[in-house]
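Data block below; observations after.
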Amino acid sequence: MARHLITSALPYINGIKHLGNMVGSMLPADVYSRYLRQRGHDVLYICATDEHGTPAELAAKEQGLPVDEFCAQAHDAQKAVYDGFALAFDYFGRSSSPQNVEITQHFARKLNENGFIEERAIRQVYSPADGRFLPDRYVEGTCPHCGYDKARGDQCENCTRVLDPTDLINPRSAISGSTDLEVRETKHLFLLQSKLQREVMEWVARHDGVWPHLASSIAHKWLTEGLHDRAITRDLDWGVPVPADTWPELAAEGKVFYVWFDAPIEYIGATKEWSDQDPENRDWKSWWYDVDTDVRYTEFMAKDNVPFHTVMFPATELGIREPWKKVDFVKAFNWLTYYGGKFSTSQKRGVFTDHALEILPADYWRYFLIANAPESDDSSFTWEHFTATVNKDLADTLGNFVNRVLSFSRKRFGDDVPAGGEPGEAEAKLGEQIAELLAEYEGHMEALQFRKAAAALRALWSAGNSYLEEKAPWLEIKTDKDGAALTLRTAMNLIHLYAVVSEPFIPATAKTMREAFALNDDTATWVGADEAKSLTSVPAGTPFTVPPVLFAKLTDEDLETYKERFGGE
């Protein structure tokens, strides 16, 4: 079996992320990783906080903290949320790590040796009051297009127009507020992407028909518009330093690499962080260096990150002229909106991941988000849709089935799985149906079609309810006690099957369902077709318990409370 390397877009350090960020990268990567592990594959799921760049420095300044201390605290806060969502990273690193510094500087040196980096003089805003050049986000002012008076030097948050610091009306320093700004000449390093255009085009073309349409179309759009040489250094106090052995003058000026240069390299850096924790048993290079035929690399990201990972970072890797692993499959997502509009931290609009966990356990969110993942187009979160999905799929279809079966069996047959008669026509028909639905579910998971996989999983749950309604053990027991016992034993085997195959979506609930049965040798990681047909993994006589209600139904009162707290339509 191939080894699977999986990464998701690095969450930026300045603040807890919203549900759209979760479903557009980390959560589907976790679901896929869990599935592959259950199927017996060797999986390495790597992620990290993206800690460099202007916003990190500004956020630290707002909190009155040194930027390194701010990033350390923010990393721990984000990791706590991801733990709460049961994201099973093999390692969750930090782009400020020494490993990322080392590898980023190595990449830069090799690009320079190969003629793909050039030092150029540019004109940039300088603040005498601050005694420094100001990167674009360190300049604020009034947008010339819409009049918004808090526009940044790179983009207006209000009208979304892309800006240059010199476009702003009444510009001021975001550090000191000084309006005494000048434009001076300074030097920066440029990555000569234009020289790599043909190679990147050929590399992207090799993935046509393999990558999803969303990822391919964005990559080709950027390539059609042409790759431009791009500045890869900034005037910041926080970042990967330009190495003094190669660019002594720029290093003396305190230049650091642009966050979008070092952030993708952190996938490799974080893997080295993971490896350095146990170097005798972990080899980071075996995942990243000269492994094209051994490792299948899958990336998960929202569409705004696609150009950087399908065009810009591959250009970097190609220019290094070393055999670093490049992505095989890019799973790109559209936007999750909130009632059709943007999530907004400043306007307190939408649901953020820490608040979501305050309201309900992670499995509620995990299932809803994956079942409604914005794969083919944007999707909208509404509390009405969330409530209806939780009640119908989780509470009624799965939770009610588990509770009805176990509660009724304990009441009529005691605390052990009843024996009953031999399986008949209804059980054979059910087994065939379950095997077919399981194969459909597996196919969608293999193809990374998450909404379809969720629909197949839901159909598996529904099949159990249909069987229960058809056999009606609460009536059957009046005339055929053995028949009722068979029905309940079959249904309990379905519960165990659901526990195994639902684990990628709802891991905590799956664990609860599985632990309901006292099976001493329960080591199954997946369910084969023959086992799905026979439904005999939980034999008669197995002790069981009735777990608490798996999913509470949400009420109209709950709905109104959520809308009042987070904003509605």
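Because only heavy atoms are used, hydrogens play no part in the values below, and waters and symmetry mates are left out as well, while side chains stay in. Just so you know, these numbers come straight off a predicted model, no measurement behind them.
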F333 and F300 aromatic ring geometry - parallel, tilted or perpendicular at 30°/60° bounds: parallel
E564, CD: over 12 other non-hydrogen atoms inside 6.0 angstrom: no
Donor + acceptor pair across side chains of E375, N334 (<3.5 Å): no
ring-ring contact (aromatic ring centres under 6.0 Å, His included) partners of F190, counting only residues at least two apart: none
Parallel, tilted or perpendicular: rings of W324 and W284 (30°, 60°): parallel
Plane angle bin for W383 and F381 - parallel if under 30°, tilted between 30 and 60°, otherwise perpendicular: perpendicular
Aromatic ring pairing H75/F92, orientation class (parallel under 30°, perpendicular over 60°, tilted between): parallel
Pair E119, H188: side-chain N/O donor-acceptor within cut-off below 3.5 Å: no
Test of ring centre spacing under 6.0 Å for W288 and W274: no
Parallel, tilted or perpendicular: ring planes of F566 versus H355, cut at 30 and 60 degrees: tilted
Plane angle bin for F386 and W365 - parallel if under 30°, tilted between 30 and 60°, otherwise perpendicular: parallel
Y258 and H52: CA distance, side-chain angles, deciding distance, ring pair (Phe, Tyr, Trp, His ring centres under 6.0 Å) verdict: CA-CA 8 Å; Y258 179 37; H52 293 138; over 10 Å; no
Parallel, tilted or perpendicular, as decided by the 30° and 60° cut-offs, for the rings of Y338 and F343: tilted
